[in-house]
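Report on the structure given below.
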Amino acid sequence: MIIPYSGWTKKSAQAVHDLPLMDLLFRAQTVHRKHFDPNKIQTSKLLSIKTGGCAEDCAYCSQSARNGSTLPASKLIEVQRVLTEAKKAKDGGATRFCMGAAWREPKARDMAALVAMVEGVKAMGMETCMTLGMLDDTQVVQLRDAGLDYYNHNIDTSERYYSEVITTRTFADRIDTMNRVQEAGIKVCSGGILGMGEHTGDRIDMLLTLANMQPAPDSVPINMLMPQADTPLADAEPIDPIDFVRIIATARILMPTSYVRLSAGRSEMSDEMQAMCFFAGANSIFVGETLLTAENPEEDTDMVLFAKLGLQAEKAGDQAGREAAE
Ligand code: SAM
Ligand code: DTB
Ligand code: SF4
């Protein structure tokens, strides 16, 4: 069967996903090598700039005030603290600094501090990313003018399954903010979570929504659910590792030039599972021992893994040089 490279439909994406695993991996790796150095992995560092007490009811999240989670709510942290953490991340080799806030949306009174954070991190020579919930037209322009490179806003799952996971906002609300961000000229980072009780068809629909955006997001984080105590998904059935790898490979084939980030859940994955994900086309990770609230592998552990696999952390400008040479 000839499977097209663009104009993905449910049928063609499902056919890719269902290929014999060796064919799927070979095809994903072939696509990957056309656009990226297969031995380089982009590294991002996350910082929670406002933790807990969130008004939304995302069933997976430790930070929702509606989930009965006991995590205390903090205020937006000081700009100087953010800059100190960004400097540490840069010294540790990360090229992108992602700042996350547990908000439904930022308030007007928070914007000056957010702008100062973006300007300060940018001035250090790092790429900037924020994830703050929904944004209005004024806010996207303020963040863009401050120098924000990426905005993370996950669609999390399929449109069909969305209301099973979140009821305080809709899938369409999510797409609206992504469109606003893209129209302002900020790069979109959007992906989702696997292992929330969704069907394979939901995972494929999620990838199709992303792949059929014009253009597809520059960065696609694929998270494996990290079950959080006291949340509705605390006892969710873990996803089969091979099913997870299939989605990474399908994402790579559907979105050949996007960075596919192996995001939350790496602390629960074996070296072999991570190696398969990298072979399937994942080429970005979060580094450092904490994500926002949950754990991530220690930096030393990742260094050992990279050495074993012969992988190198991408340096600032690596991919830009490669694109110019193509
Ligand atoms: N409040 C903002 C929002 O929802 O867009 C930003 C922060 S939110 C924590 C960012 C993303 O992290 C979520 O969209 C979800 O995909 C991921 N995430 C949150 N909790 C998770 C968990 N327990 N396991 C895996 N991924 C998770
Ligand atoms: C994304 O897709 N994953 C990151 C980032 N975007 C903001 C967040 C993962 C959060 C994992 C759970 C926690 O740390 O609380
Ligand atoms: Fe709030 Fe984001 Fe957590 Fe949802 S995922 S509860 S919006 S912090």
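One-based numbering, in listed order, for ligands and for the atoms of each. Along the sequence shown, the residues carry numbers beginning at 1. What you see is a predicted model; the values in this text were computed from it and never measured.
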For the pair N67 (side chain) and C58 (backbone), establish whether a donor and an acceptor sit closer than 3.5 Å, ignoring hydrogens and angles.
-> yes

Charged N to carboxylate O below 4.0 Å: is that the case for K88 and E85?
-> yes

May I ask you to decide if G288's main-chain N or O and N296's side chain share a donor-acceptor pair within less than 3.5 Å?
-> yes

Any idea which protein heavy atom is nearest atom 3 (C) of ligand 1, and the distance to it?
-> R174 NH2, 3.5 Å

The closest protein heavy-atom partner of atom 8 (S) of ligand 1 is L292 CD1, 4.4 Å

Heavy-atom pair with the smallest gap, counting every atom of A94 and V287 = CB-CG2, 4.3 Å

Using 2.8 Å as the cut-off, note every protein N, O or S atom close to atom 1 (Fe) of ligand 3.
-> C54 SG

List every atom of ligand 3 that sits less than 4.0 Å from any heavy atom of R169, numbering the atoms from 1 in the order shown and giving each element.
-> 7 (S)

In this structure, atom 20 (N) of ligand 1 is nearest to the protein heavy atom Y60 CD1, 3.3 Å

Distance-only N or O hit between ligand 2 and A264, under 3.5 Å | no

Show which atoms of ligand 2 fall inside a sub-4.0 Å distance from at least one heavy-atom site of T293.
-> 13 (C), 14 (O), 15 (O)

For Y60 and N223, does a side-chain donor sit closer than 3.5 Å to a side-chain acceptor?
-> no

Lys/Arg N to Asp/Glu carboxylate O, D23 vs R27, below 4.0 Å = no

Within 4.0 Å of some non-hydrogen atom of Q228, the atoms of ligand 1 are 23 (N)

Measure from the side-chain N and O atoms of D302 to the backbone N and O of E299, and report whether any donor-acceptor pair falls under 3.5 Å.
-> no

Taking N152 for the side chain and T131 for the main chain, is one N or O donor matched with an acceptor at less than 3.5 Å?
-> no

Would you indicate which of N296, V220, L292, L47 comes nearest to atom 8 (C) of ligand 2 when only heavy atoms are counted?
-> L292

Taking only non-hydrogen atoms of L46 and a 4.0 Å limit, the atoms of ligand 2 in range are 4 (C), 7 (C), 8 (C)

of all protein heavy atoms, closest to atom 6 (C) of ligand 1 is T131 OG1, 3.0 Å

Numbered atoms and elements of ligand 1 in range of M224, under 4.0 angstrom, heavy atoms | 25 (C)

M226-ligand 1 polar pair, N/O distance under 3.5 Å | yes

Sub-3.5 Å donor-acceptor pair from the side chain of S64 to the main-chain atoms of E56, do we have one?
-> yes

Between the side chains of E183 and N179, is a donor N or O closer than 3.5 angstrom to an acceptor N or O?
-> no

Nearest protein heavy-atom contact for atom 16 (O) of ligand 1: which residue, which atom, what distance?
-> D156 OD1, 2.6 Å

4.0 Å protein heavy-atom contact status of atom 5 (S) of ligand 3, strictly under | yes

At under 4.0 Å between heavy atoms, what of A294 touches ligand 2? The answer is both

Main-chain N/O of G191 paired with N154 side-chain donor or acceptor, under 3.5 Å = yes

Specify the protein heavy atom at minimum distance from atom 10 (C) of ligand 1: its residue, its atom name, and the distance to 0.1 Å.
-> N152 OD1, 4.1 Å

Indicate yes or no: does D149 engage K122 in a salt bridge with an N to O separation below 4.0 Å.
-> yes

Where ligand 1 meets L225 - atom numbers and elements under 4.0 angstrom, heavy-atom basis | 24 (N), 25 (C)

What atoms of ligand 2 come closer than 4.0 angstrom to any heavy atom of P221?
-> 2 (O)

So, R203 versus Y161: side-chain donor-acceptor pair below 3.5 Å or not?
-> no

Using distance alone, with no hydrogens and no angle criterion, decide if T157 and D202 have a side-chain donor and acceptor under 3.5 Å apart.
-> no

For atom 27 (C) of ligand 1, find the nearest protein heavy atom and state the residue, atom name and distance (0.1 Å precision).
-> I193 CD1, 3.6 Å

If we ignore angles and hydrogens, is there a donor and acceptor under 3.5 Å between the side chains of E127 and T95?
-> no

Are any of the side-chain nitrogens in D205 or R160 under 4.0 Å away from the carboxylate oxygens of its partner?
-> no

Within the side chain of R252, is there an N or O that forms a donor-acceptor pair under 3.5 Å with the backbone of M255?
-> yes

Is a donor on one side and an acceptor on the other found under 3.5 Å between the side chain of Q63 and the backbone of C61?
-> no

Report yes or no: does F286 have a heavy atom closer than 4.0 Å to ligand 2?
-> yes

Near A101, which atoms of ligand 1 are under 4.0 Å from a heavy atom of that residue?
-> 1 (N), 2 (C), 6 (C)

In ligand 1, the atoms that come under 4.0 Å of a heavy atom of N154 are 11 (C), 13 (C), 14 (O), 15 (C), 16 (O)

Residue and atom name of the nearest protein heavy atom (relative to atom 3 (N) of ligand 2), distance in Å to one decimal | N223 OD1, 3.0 Å

Is N154 in polar range of ligand 2, meaning some N or O pair under 3.5 Å apart?
-> yes

Where ligand 2 meets N152 - atom numbers and elements under 4.0 angstrom, heavy-atom basis | 6 (N), 7 (C)

Could you tell me whether a side-chain N or O of N212 sits under 3.5 Å from a main-chain N or O of W8, the two making a donor and an acceptor?
-> yes

Does any N or O atom in S263 lie less than 3.5 angstrom from one in ligand 2, N or O only?
-> no

